[in-house]
Amino acid sequence: MTIEYRDDNGSNAEIYKLVKVRTKTVKKNTVYGFTFKDVVNSPYRPRSIETSVNHTTKVEYIVGGEGTFVLYDSKKQISYCFTIK
């Protein structure tokens, strides 16, 4: 999996953490969740990180299998949820 983002500060740091979320059914609804412990102890590590001269960073991850994942930005406390099938 590859993601690209632009950091106006120009840092070559990994902004997002990739975490596989847990699913649970509550009253016939699917609830997705992850904890801070998941973000710290079990994120997927990037295979490569490259930043271009225009501050666009390209990060590659190896994700085996299917599941629901989150890209979590701890500075802004925003998460982007997606499913790989």
Side-chain angles (χ1 to χ4, degrees):
M1 181 181 86
T2 303
I3 63 164
E4 291 186 15
Y5 56 87
R6 188 170 187 327
D7 183 16
D8 292 328
N9 296 331
S11 66
N12 192 18
E14 181 186 3
I15 294 176
Y16 298 102
K17 298 289 184 184
L18 178 65
V19 179
K20 188 169 186 176
V21 298
R22 293 183 296 270
T23 58
K24 184 169 134 179
T25 303
V26 177
K27 295 183 181 180
K28 297 182 182 180
N29 293 318
T30 303
V31 178
Y32 302 97
F34 66 99
T35 64
F36 182 72
K37 187 176 181 181
D38 296 331
V39 173
V40 172
N41 293 334
S42 60
Y44 282 81
R45 304 285 182 219
R47 187 179 101 188
S48 67
I49 301 175
E50 299 174 8
T51 303
S52 66
V53 293
N54 66 353
H55 307 295
T56 301
T57 300
K58 177 180 175 182
V59 184
E60 292 184 11
Y61 296 94
I62 296 177
V63 179
E66 301 176 346
T68 303
F69 296 85
V70 158
L71 281 172
Y72 180 67
D73 182 350
S74 58
K75 282 185 179 180
K76 296 179 183 176
Q77 295 183 343
I78 297 173
S79 59
Y80 302 97
C81 185
F82 59 94
T83 302
I84 295 178
K85 295 183 180 185

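Aromatic ring pairs are classed by plane angle as parallel below 30°, tilted from 30° to 60° and perpendicular above 60°; the pair Phe82 and Phe69 is parallel.
One hydrophobic cluster, built from ILVMFWY side chains closer than 4.5 Å, cannot hold both Val19 and Tyr80; they sit in different ones. Cluster annotation: Val39 and Val63 are assigned to distinct hydrophobic clusters (Ile/Leu/Val/Met/Phe/Trp/Tyr, side-chain heavy-atom contacts under 4.5 Å, transitive). Following chains of ILVMFWY side-chain contacts shorter than 4.5 Å, one can reach Ile3 starting from Ile49, so the two form part of one hydrophobic cluster. By the rule that hydrophobic residues join a cluster once side-chain heavy atoms approach within less than 4.5 Å of another member, Phe36 and Tyr32 end up as members of separate clusters.
In this structure, the separation between CZ on Arg6 and NE2 on His55 is 6.0 Å, given to the nearest 0.5 Å. From Leu71, atom CG reaches atom OH of Tyr5 across 9.5 Å, with rounding to the nearest 0.5 Å. Taken from CG in Asn29 to NZ in Lys24, the straight-line distance is 12.5 Å, to the nearest 0.5 Å. For the atom pair NZ of Lys58 and OG of Ser48, the computed distance is 7.0 Å after rounding to the nearest 0.5 Å.
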Original post:
Could you walk me through whether Lys17 and Tyr44 pass the side chain to side chain contact (heavy atoms under 4.5 Å, CB included) check?
Top reply: CA-CA 7 Å; Lys17 298 289 184 184; Tyr44 282 81; over 6 Å; no
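The minimum heavy-atom distance linking Val70 with Ser79 is given by the pair CG1-CB, 3.5 Å. Minimum heavy-atom separation, Thr68 to Cys81: CG2-SG, 3.5 Å.
Tyr61 is not listed as a side-chain neighbour of Arg45, based on a closest heavy-atom distance of 4.5 Å or more. Side-chain contact check for Leu18 versus Pro43: every heavy-atom pair is 4.5 Å or farther apart.
Under the side-chain contact (heavy atoms from CB on, under 4.5 Å) criterion, Lys37 pairs with Thr35, Asn41, sequence neighbours left out. For Ile62, the side-chain contact (heavy atoms from CB on, under 4.5 Å) partners are Arg47, not counting sequence neighbours.
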